[in-house]
Structure formats: C-alpha cells, structure tokens
Amino acid sequence: MEYNPTEIEQKWRERWEKEGLYKKVKDTGKPKHYALTMYPYPSGDLHIGHWYAIAPSDAKARYMAMKGYNVFFPMGFDAFGLPAENVAIKNGIHPYKWTMKNIENMRLQLKSMGAMFDWDHEVVTCHPDYYKWTQWFFLKFLENGLAYRKNSPVDWCPTCNTTLAREQVWGEDRHCERCRTPVIKKSLDQWFFKVTKYAEELLDFSKIHWPERVVKMQEQWIGRSEGAEITFMSGQNDPMTVFTTRPDTLYGATFLVLAPEHPLVQKLTPPDHKEAVRGYVSEASRKTEIDRLTADREKSGVFTGAFALHPLTGERIPIWIADYVLMTYGTGAIMAVPAHDERDFAFAKKFGLYIKVVIAPPGYSGAPLQEAYPGQGEMVNSGPLNGVPSEKGKARIVEILADKGCGRASITYRLRDWLISRQRYWGAPIPIIYCAQCGTVPVPYDQLPVLLPEDAEFLPTGESPLKKHEGFLRAKCPKCNSDAHRETDTMDTFLCSSWYQYAYISPYFKDAPFSKAEAACWLPVDQYTGGIEHATMHLLYTRFFTKAMRDIGLVDFDEPVLNLYNQGIILGEDSEKMSKSRGNVVSPDDLVNEYGADAVRAYLMFIGPWDEGGPWNSRGIIGIQRFLQRTWNLVLEPAMAKGARPSSEETLELRKLAHKTVKKASGYMESFKFNTMLASLMEMNNYMYKAKSAEMAETDAWKEAIRHYILMLAPLVPHLTEELWERTGGKGSVHRQYWPVWDERLAAEDRVTFVVQVNGKLRDRLEVPAGIGQDEACELARNMDKVKSLVEGKEIVKTVFVPGKLLNIVLK
RNA sequence: GCGAGAGUGGCGGAACUGGCAGACGCGCUGGACUUAGGAUCCAGUGGGCAACCGUGGGGGUUCGACUCCCCCCUCUCGCACCA
C-alpha cells in the first residue's frame, strides 16, 4: 500500500464539503470558540506566506474543536485596494472583474489547504452588501461626533500624481512604493475619524492577552506624555500656548519656537521680518520628508522679529520659527530651554541664543554647559524655587501658573486622528453630498449603498475616475432637493477590516451590519492570528472601532480580540524576503502537487517556532514526507510475526510513552509550539516503528497508542489522519473526536536517568527509580568506578542531592 | 538615539522554575537489500588521538550557568527633531 496524498486529500475534501463537517452550528452544550486568521488581499495567487500564516492557525482551531469547543473559523477577502486599480489603468480590466477572478482562484487554492473554514460565512469587502455597512459605520460615526472633515496635508507622489495610503509610503526615506519617488505633503480637504478620543482607553490592555511586543508598539504609537500647557503673551498681547513635559525648567525658557505652519506666525511678524519669515515658511512647506531627514537634523529657523513675555520673570524673549517644531504635535509651539533639551541646545548654539541653567547637573560649578543636561536635579536660577528638587518643581510651577491663569497640567498624545479619505476609485465611497445651500449632507441611511459606477474610465492621469463620472457626481441634496454633488473620495480599506470579524458571523446581513442574536453567541474573537506588521494599523483601528461601536450601542464589550498571536515571516531560501525580482519565491501549489497539502502544512509547522519565521529550505520537506509515509506504514502495514508475545514490561512501556506524548503534545498545542509538537510525535513514531510486531499489534496498549497518535496528528495533518481513522475502523470523522486525555500516573516518570557529578562535572549515570533517596543514591554513586577513582583519598566537602535529577559530590 | 527581540553542530532548531547541552529533522559517513537507488531499513555523526574543550566575547554569583547579574560585540524589528 502506498501513501498517495493527492488521491486521499481530494477525496476527503470533497466528502467534508458534502457532509458540511465544518459548518458553524449553534451548540449550547459546548463553549464557543471564535478562531480568526487575518484575511488575505486577493492578489490572485496564494503564496507560501499565506500558508505559513493560515495552516498553523487552522491546526490550532482544529485542536480547540477536539478539546470540546464549538469552533467557528471563517475566511474572506480584503477586496478593496490599489493594486486592482493599477491593473485597471494598465490593462483596462475593471477592478471588480479582476478582484473576483482572483478570489475564485484563491478560494480554490485555500481549499487545497484542507482548512476547517466555513465557506458559508465568507465575506468579500468589495461586495455592495458589505460596503453598504462600511458606509453605514461612517454615517454612524459622523452622527456621533467621531467623523469630521478638515484641510490637511497628506502624502502625495508627484510622479504618480496621486495621494498615497500610508502603507504605500515605504522605507526610511519615505518613497512611493511604485516609482520610488520621495513623497511630498499636499494639503487637501480630508475626512478623519476621531481615534484620539479613545487615546487613553486604547492604552488599557488589561482586558486582553496580546503579545507584549504589540502592546509596546501600540503604547509607543499612542505616545502619552504628561506635562503642562503654558500660555505666553506676545508684545501685541496675542496668547501663545506651548506644551512641555518639563514645566520645572520654565525659568530656563529663553526663547519660543513656533512651527512654520503655526496660525499666529503671520500676525506676529513685524513688516521688517516678513520677507525672511515668508521665505522660510514656503521653503519648509516645499521640503520633502527626505530633505528633512538627510539634512542630518541640522537645525534651521528664522527669528520672527517678535517677542513674548515670560509669565514668571516678565522678561522679553524672542519668538522664532523652525521646522523642528511640528504643527501636528502638542500645540505646535514650544518654550525652548536650551540648557536642558538637546534640540533646543543645538538650536541656541547655532543661532547664538541665551542658554540659562536652571537645573544643576551633578557637580555643577556654574560654568557654561558643553551639552544639554536633560536630567533631574536641584533647581537654580529659578527665583522662589531655588533649591527645590526638579521632580517636585513640576507640580509647584503648574500651581503657580494656574493661580496666575496662564497654565495648567496637560496630557498630550502622539496618536493622530485617522485619515480615511483616499482619492481613488476602488474603495467604499464616502456617503456624503455637498450642497451649495445645505453644505455637507450625509446620504440618508435608506439610500445606502452609494454604489461605485461600473462604467468608470481608468486613465493614467492619477485622478480618481469618480471625479469625472457625471452619473456618479451629480446628486440631489437629500435636504433641499437642489442640484448637488457627491464626495468622490473613497474610504481607507482599513475600515473594511475594522469590522470584518463582526460581518463573518452573519455575512451580508440585511437589517444591520451583523445579527444581534449571532453576536451574543459568538463575539468577541477568542483567538486571532496574523502578522506583526498590523500592530499599529489594523489592530489599533479595530480596537477603536469596537469602542466606538460599544458607545453607539452595537456591542456590550470593550475589546474585539481577546487573544492574539503573531506568526513570523517565511523567507526565501537565501534568507531574503521572498519577491519575484529576487527569484526566490516558493510556490505552494507546486509543493502540494509534489508532496501533498498535509506535508506542506506539517513542514511549515516543523521548520521552527511559529512566531520566529525563518528561511524556507526545500530539502527539509523530505523529512516530513518520510514521517508521513512512516505514519502510514506504522498504522496500516501488517507487521512481521516475532513468535513471542510482548512482555507486560514492553506493553507498559508503550503505554507510558503514549501517555507522556499526549501530555507533551497537549502543552505544545496550547502554546503554539508546533515544531516541538511534531518532534514528540516523531519520537513516538520512531519508538513504535521499532517495537512493532504482529503480536504487539494485537495488544490493547498498541491499539490505544495508535489511536492517540492519529488523534494528536489530526489537527496538523487532517487528510491523512482522516484516512487512517477510517481504515482502522474509527467511527465518524476523526475531526469530530475528542483530544486524547493522559493518565498522570502513566505519564509520570518512574525510572530516571540519575546524573552523578563530581565537582559539578558529569561523571556517570544511574538508571534508578525516580523516588530514590539521598543515602541510597550516594551509596550507589560511591561504588561506581569512575567516581571511586576520583574520590579516593580526597575529602568530601559536601554532597548536593536533587531528588530525581542528580547527585553532586564536592571534593576539597 | 529610544523601545523590543535574537546570537547554540555543516544547516533548521531542542533544553520545564539554574541540574545529562545538541531532542526532532535535514545533510553527511558506513552497512544491508538491490540490475540500479535521489526508494527503504540498520548503525554512526559538536570538536579533539587523549586528558579535556565547547551555547557571540569578557567578567561575576553558584556545588553546578545556554538559563541569573554586570560590561561589550553582532544581527533583526518597531519608533525616530513628539517638546
């Protein structure tokens, strides 16, 4: 009998589908488990990276099902996005057509994996019945003050003549993904979601178990800073508020710096400085991100000619503008304390500005500083606060300012509101109508979806086809019915993925984005798996969405995903990222044809720890192929007769091995350690291969071991195990069985290899019962030849005894 | 610069709360069966003739360190003028 993966894999996939083995069922008898893996973009071809992400996720979901959970494991497609539109521009194929064709193909490829997806719950985000609800969320957010429109600078590629999504701006020098041109900033009217409203709550991870790495990245991204806002008055009585984390250094503020885009710049600047200031402002606005970075952070700026009054000393301090102050952070203005801030120090040195020490560095002599001292210390040159430790000075200064009405404690976040407008065709249209009389008017809910016109023209002008599509553009104002026009921007595809896990539970639901009854049954997601690259995008947005949905009354929990696990990245054989240009791409379809899906799945899990990723090695898969063949042989091949019945020691040893393996394998499955899980099954296989005989195969111990072996392998290798299950007379599907349970007495070690050390070095080993006592072990050890010769004539200082592990004889 | 993670045979990787370093697999060596083997099976495989030496380097704690502490080097990822 030959193991023929192609034949059995197809047979079982067909049968599972026919029998609806993986369909989501309401089953009140079992606890629910919502397992989710990040859905793919339908690029047209499922690559090995998809397999690497999805197959282990499926194995875990299958394991949970065997552990007695009612598991739901859906799959769908993140179907909006730029590649489809680029194809349309280049080849004239409509994005819908291209996307749907790709989905057809990828669905088949996904099915070849043999995963337990419930395809009845597939969602495709570019389906009008899906994006209708994406638009509905936009309107709900608008209604609840979570969406707004403002003029804002966005990343623009001057060669492609279009704005770029964040994920299309690549590399440290921030260049366009397609043509490598450095991006520039361009101001446009844009829609935003108020993520910042939830900044504080998004920092609370107490209700979820996510990898520390992701938590840290989100914390850093949100960037909470505690400090104070301090208002300075200009000579003309214009208030300017700055944000600082070091109010204790206020006495050392010797100038102010505004961002070039700061709204007060024009007003403050006296006529004799207008030209210089205007020149600097326009230069700063023309600068690309690359310029700012390659300038080696050399400070630049100009004096505005204006002065401000120090709120405590009343001193006149100059107001400068410089591009190292960002309009997008804090208040867009800072008080510069050159003695205690590196950037301000560099700026002051370059432009010859006054540097005033107000926190004494260790061993401070009063001499001018060679570099900024950003640490803590005793306050000096600070009027009434001299001698106070700076840690305490913070609060004191804030109190003083509050009394004077020119300052208060304040918290600033680096997180910015989410820019959702995209100047593209292939996304969900923003459901807004602009009317000359009524202004910005939301499309009424009963008119959703705002459909994408099918007859759009895709031209390489960089302009969205929607802008020129009269039929789409023209609309009646929902309020006054006069002629109006539609918003032509579409929504960031991250909106689609912010709520797809909700859509899965009741796809294309008619009356709401999802069914409330199903929601009560299935939400939130219990286990999510996917790449780390979404740490501060998708994974943050979906948390925001859930909090907003909760406040709107759609759900009654705070977090969309309770447990998260990030797999690593599978690299090419040359340890480089896989790419067509490098020619190191591994095709899963070819591998499936040659080795079968089970082997590809298992090999990807065996290659190393799942969260670490690593290089593909085309030679290694042969080891898995052999292992599966040996599994086949072990279970099905008749054994040679030995003539002798196995002894009770032999069968007991086999039982012990089986139970130990169940114990180990269970732990490995719980912690996503598929590589060591497979290793322990290989050990079991190797042992049984040798122990096998016609007589042994008749024993209950053997039958139990084989049964456990097949069950443990089932989540990783679903087709082969189903075939073996059937051929060995198993009832029903192997995937409907319970995960084996181990007997702790059998799994426990009763005989151990006891290590004998002399002076900490291994000298010999003893095969003894696990419960051996110190005296007995000592006695045995001293009589060993290797120990004897070393101990002879020496004084024993002490002996260290670790029960069940080792004995260490320490000599003088 | 800040934050996180990682350095173990020829290769991918094991090693629980400090206790047999190298499980498992690839590759390699030898053998068996074969007309044949890139099939299968069996045996071996960190280095060194040996005492011994070996987990990026250097110190330390300990009876005992891949594991804990200090310093340093290299690599990967994230952030990066965030006041």
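Each chain gets a letter, A, B and so on, in the order the sequences are listed, and its residues count up from 1.
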With a 3.5 Å distance limit and no angle check, can you tell me whether [X] reaches the backbone of [Y] through a side-chain donor-acceptor pair?
X: A:H262; Y: A:A333; result: no
X: A:T249; Y: A:G252; result: no
X: A:Y603; Y: A:Q625; result: no

Using heavy atoms to find the nearest nucleotide of RNA chain B for A:L762 and A:N675 separately, return the residue whose nucleotide is more 5′.
A:N675
Please compare A:V800 and A:G620 by the position of their nearest nucleotide in RNA chain B and report the one closer to 5'.
A:G620
The glycosidic conformation of B:G9, counting syn as within 90° of 0 and anti otherwise, is syn
With a 4.0 Å cut-off on heavy atoms, is [X] in touch with a base, just the backbone sugar-phosphate, or nothing at all?
X: A:N686; answer: sugar-phosphate
X: A:P615; answer: nothing
X: A:E612; answer: nothing
X: A:L678; answer: nothing
X: A:E683; answer: sugar-phosphate

Nearest-angstrom distance from the residue atom [atom1] of [X] to [atom2] of [N]:
X: A:K660; N: B:A23; atom1: NZ; atom2: C1'; answer: 14 Å
X: A:N566; N: B:U76; atom1: CG; atom2: C1'; answer: 15 Å
X: A:I222; N: B:G78; atom1: CD1; atom2: P; answer: 18 Å
X: A:R416; N: B:C79; atom1: CZ; atom2: C1'; answer: 12 Å
X: A:L539; N: B:G78; atom1: CG; atom2: C1'; answer: 14 Å
X: A:I607; N: B:G12; atom1: CD1; atom2: P; answer: 11 Å
X: A:Y52; N: B:G12; atom1: OH; atom2: P; answer: 14 Å
X: A:K349; N: B:C81; atom1: NZ; atom2: P; answer: 24 Å

Is the number of heavy atoms from other residues, nucleotides or ligands under 6.0 Å of A:I622 CD1 greater than 12?
yes
Rounded to whole angstrom, note down the [atom1] distance from [N] over to [M].
N: B:U17; M: B:G64; atom1: C1'; value: 16 Å
N: B:G22; M: B:C53; atom1: C1'; value: 15 Å
N: B:G60; M: B:U55; atom1: P; value: 16 Å
N: B:U8; M: B:C52; atom1: P; value: 27 Å
N: B:U45; M: B:C66; atom1: C1'; value: 22 Å
N: B:A83; M: B:A14; atom1: C1'; value: 48 Å
N: B:G46; M: B:U35; atom1: P; value: 35 Å
N: B:G12; M: B:G27; atom1: C1'; value: 11 Å

State whether a side-chain donor-acceptor pair under 3.5 Å links [X] with [Y].
X: A:E744; Y: A:W742; result: yes
X: A:S618; Y: A:E573; result: yes
X: A:Y709; Y: A:T661; result: no

Under 3.5 Å for both donor-acceptor distances, Watson-Crick or wobble: does [N] have a partner, and if so which one?
N: B:U40; value: B:A32
N: B:G19; value: B:C63
N: B:G27; value: B:U45
N: B:G3; value: B:C77

Can you find a side chain N or O atom of [X] that sits less than 4.0 Å from OP1 or OP2 on [N]?
X: A:R626; N: B:G27; answer: yes
X: A:S225; N: B:A83; answer: yes
X: A:R619; N: B:G12; answer: no
X: A:K798; N: B:C63; answer: yes
X: A:N808; N: B:G19; answer: no
X: A:R630; N: B:U40; answer: no

Please tell me which of the listed nucleotides, B:A4, B:C24, B:A83, lies nearest to the side chain of A:Y329?
B:A83
Checking contacts here: which listed nucleotide (B:C79, B:G78, B:A83) is nearest the side-chain heavy atoms of A:M217?
B:G78
B:G78 base to A:Q220 side chain: any donor-acceptor pair below 3.5 Å?
yes
Is any side-chain heavy atom of A:W320 closer than 4.5 Å to one of A:F347?
yes
